Peer 1: 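Provided herewith is a single structure, encoded as C-alpha cells, for subsequent inquiry.
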Amino acid sequence: MIHYSVLIPQQNAIDSFAYLLPQLCRALRDLVLPYEIIAIDDASVAPAAAALDKLLHEYAALRVLRFDRPRGTSASLSAGIAAARGDLIIALDPGNRQAPSTIGQLISRLSQHDLVFAEREPANGAALRAPWSRLPRLLAAHARLHPSEELFWAARHEALKGLALARGAFRVLPGLLAGRGFRVCRLKLAQGLPPRGAKYTPGIVERMAIRWLDRSFEPHLARELTRGEAELSAHVSARVPLARDVARPRYVPQPAAAPLDKDRRESA
C-alpha cells in the first residue's frame, strides 16, 4: 500500500533529476512508509528520454508517465495526480535541491491542513513588488514553470482527487483549494531560520488570476487515468492519453425569433 506519491514534472531536465533522485529516495526511506516517485516526462528529446529510461531500471520506486508532445506543468500535474496511488501527494520540480531536507516539514503539517506549500522569503525590499511581479505571468497563463519559480507542495489525496488544472493554473493551486473550503498552509522558508507555517488566504493577485483562468479556461489536460498497479509497475513507462484542446463553450446569446404576423399565426 503506497503512502507517499511524489510527482516530478520535467522536460529535458535529466541532469537535475538524476542529481535529485538519490537524495529524495533517502529522505523518503527515512519516513519509513512505502512511497513511489512519478516522473512526468513532458515530451523530452530522445537522449533525455533514454537517460530517464536508464534511471527507471535503477530505481524500483520510480514510475514514468510520458507525453507525446509538450503540454506544460498543469497537464503534467493533472496526469500525475490521476495516476498517484498514495494517501499523500508531494509535488516538486527537479531543480529544487533543498526539497528532500524539507519534505518532513511539509508532511508534518498535513495533520492539520489539506495542502501545504513552501515559499521562500523574498529578499529585503522585494516583498512589496514580488506579488505584482508575478501578475503578468499569472494572467498570461504560461504553461511552463519559470526558472525563478519553485514547485513544492504536499497535499492529502482526497483534496486533489479528480482535479483538472487549466493551462498555468498550477501557480494558483493553493488559492483554488482554499476557495473550495480546504485548509491550506503556507510554509515560509528563510535562510538560516526554521520554517514558519501560517494559514493561507489568497490575496488580490491570486484571486484576479483565478478569475482570469476560469474565464479563459481550456482543458489542456490529461484525461482521467484509471491506471492499475500493473500499468505503473517498476521498470515500465506509460503513455498518457491526452484530451483535445477545446476551449470551454461560452454562452452566445441568440437573436430572438421574429414575431409571426397575424396571417401566419392563424395558419399555424
Side-chain angles (χ1 to χ4, degrees), residues 1-42 44 47-67 73 76-111 115-120 145 147 149-157 160 170 173 187 189 194-195 225 227-240:
M1 183 69 178
I2 300 296
H3 190 69
Y4 304 111
S5 291
V6 182
L7 311 181
I8 307 180
Q10 69 89 33
Q11 183 191 58
N12 302 321
I14 190 63
D15 291 339
S16 297
F17 185 75
Y19 178 87
L20 176 71
L21 194 55
Q23 301 179 55
L24 183 59
C25 288
R26 283 195 294 271
L28 292 168
R29 282 196 296 267
D30 290 343
L31 297 175
V32 180
L33 295 174
Y35 66 91
E36 65 179 357
I37 300 171
I38 301 177
I40 305 97
D41 183 35
D42 195 15
S44 293
L52 185 58
D53 285 338
K54 183 179 179 182
L55 291 175
L56 182 64
H57 286 79
E58 295 176 3
Y59 292 87
L62 180 60
R63 312 288 186 261
V64 175
L65 295 176
R66 295 189 186 279
F67 286 171
T73 304
S76 298
L77 289 175
S78 296
I81 290 169
R85 294 171 289 163
D87 300 319
L88 304 181
I89 296 179
I90 303 156
L92 59 116
D93 60 277
N96 192 337
R97 298 190 174 188
Q98 287 73 40
S101 61
T102 318
I103 279 181
Q105 292 282 348
L106 266 70
I107 291 174
S108 66
R109 286 168 169 79
L110 287 178
S111 60
L115 180 138
V116 181
F117 70 100
E119 188 176 80
R120 295 200 175 276
L145 195 70
E149 297 173 306
E150 287 187 346
L151 177 71
F152 191 25
W153 51 256
R156 296 177 178 274
H157 198 156
L160 303 174
F170 69 93
L173 179 61
L187 189 66
L189 307 177
L225 297 179
R227 300 186 180 279
E229 186 169 348
E231 290 182 274
L232 273 181
S233 57
H235 316 312
V236 175
S237 62
R239 297 283 174 181
V240 180

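In this text the structure is predicted, and so the values were computed from the model without any measurement. The first residue in the sequence is number 1, and the count goes up from there.
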Peer 1: Side-chain donor-acceptor pairs under 3.5 Å in residues 53-60, sequence neighbours left out?
Peer 2:
from, atom 1, to, atom 2, distance (Å)
D53, OD1, R66, NH2, 2.1
D53, OD2, R66, NH2, 3.3
H57, ND1, D53, O, 2.9

Peer 1: Kindly compute the distance separating OG (S5) from CD1 (I38), expressed to the nearest 0.5 Å.
Peer 2: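 Rounded to the nearest 0.5 Å, the OG-CD1 separation comes out at 5.0 Å.
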Peer 1: I would like to know whether L187 and F152 meet side-chain contact (heavy atoms from CB on, under 4.5 Å); could you show each step before the answer?
Peer 2: CA-CA 10 Å; L187 189 66; F152 191 25; over 6 Å; no
Peer 1: If you define the side chain from C-beta out and look only at heavy atoms, does anything of F117 sit under 4.5 Å from L173?
Peer 2: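 A side-chain contact under 4.5 Å is absent here.
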Peer 1: Quick check for you: to the nearest 0.5 Å, what is the distance between F67 atom CZ and I40 atom CD1?
Peer 2: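 It comes to 7.5 Å.
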Peer 1: Tell me, with the steps shown, if V6 and Y35 meet side-chain contact (heavy atoms from CB on, under 4.5 Å).
Peer 2: CA-CA 8 Å; V6 182; Y35 66 91; 5.7 Å; no
Peer 1: Please check: side-chain N/O of E36 versus main-chain N/O of I2, any donor-acceptor pairing under 3.5 Å?
Peer 2: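 No.
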Peer 1: Quick one: does R156's side chain have a donor or acceptor within less than 3.5 Å of a partner on L110's backbone?
Peer 2: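 Here the side-chain-to-backbone pair exists.
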Peer 1: Are a donor atom and an acceptor atom from the side chains of H157 and D87 found within less than 3.5 Å of each other?
Peer 2: no
Peer 1: CG/L106 to CG/L92 distance, rounded to the nearest 0.5 angstrom?
Peer 2: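 Going from the CG atom of L106 to the CG atom of L92 covers 10.0 Å.
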Peer 1: Please report the interatomic distance CG(D42) to CD(Q10), rounded to the nearest 0.5 Å.
Peer 2: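 Those atoms lie 8.5 Å apart.
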Peer 1: Quick one, D41 and F17 - any side-chain contact, counting heavy atoms below 4.5 Å?
Peer 2: no
Peer 1: For the atom pair CG (L160) and CD1 (I89), what is the distance rounded to the nearest 0.5 Å?
Peer 2: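 If I round to the nearest 0.5 Å, the distance is 5.0 Å.
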Peer 1: Could you go through the side-chain contact (heavy atoms from CB on, under 4.5 Å) check for L151 and N96 one step at a time?
Peer 2: CA-CA 8 Å; L151 177 71; N96 192 337; over 6 Å; no
Peer 1: Would D93 and T73 count as a side-chain contact (heavy atoms from CB on, under 4.5 Å) if you check the C-alpha gap in whole Å, the side-chain angles of each, and the deciding distance to 0.1 Å?
Peer 2: CA-CA 10 Å; D93 60 277; T73 304; over 6 Å; no
Peer 1: To the nearest 0.5 angstrom, please state how far the CG atom of L77 sits from the CZ atom of F170.
Peer 2: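 One finds 8.0 Å between CG of L77 and CZ of F170.
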Peer 1: Could you report the tightest heavy-atom contact between I90 and A154, atom names first, then the distance?
Peer 2: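 Taking I90 first and A154 second, the nearest heavy atoms are CG1-CB, 4.0 Å.
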Peer 1: C25 and I37: which non-hydrogen atoms are nearest, and at how many Å?
Peer 2: SG-CD1, 3.8 Å
Peer 1: Short question: side chain of S16, backbone of G95 - any donor-acceptor pair under 3.5 Å?
Peer 2: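 No: the side chain of S16 does not pair with the backbone of G95.
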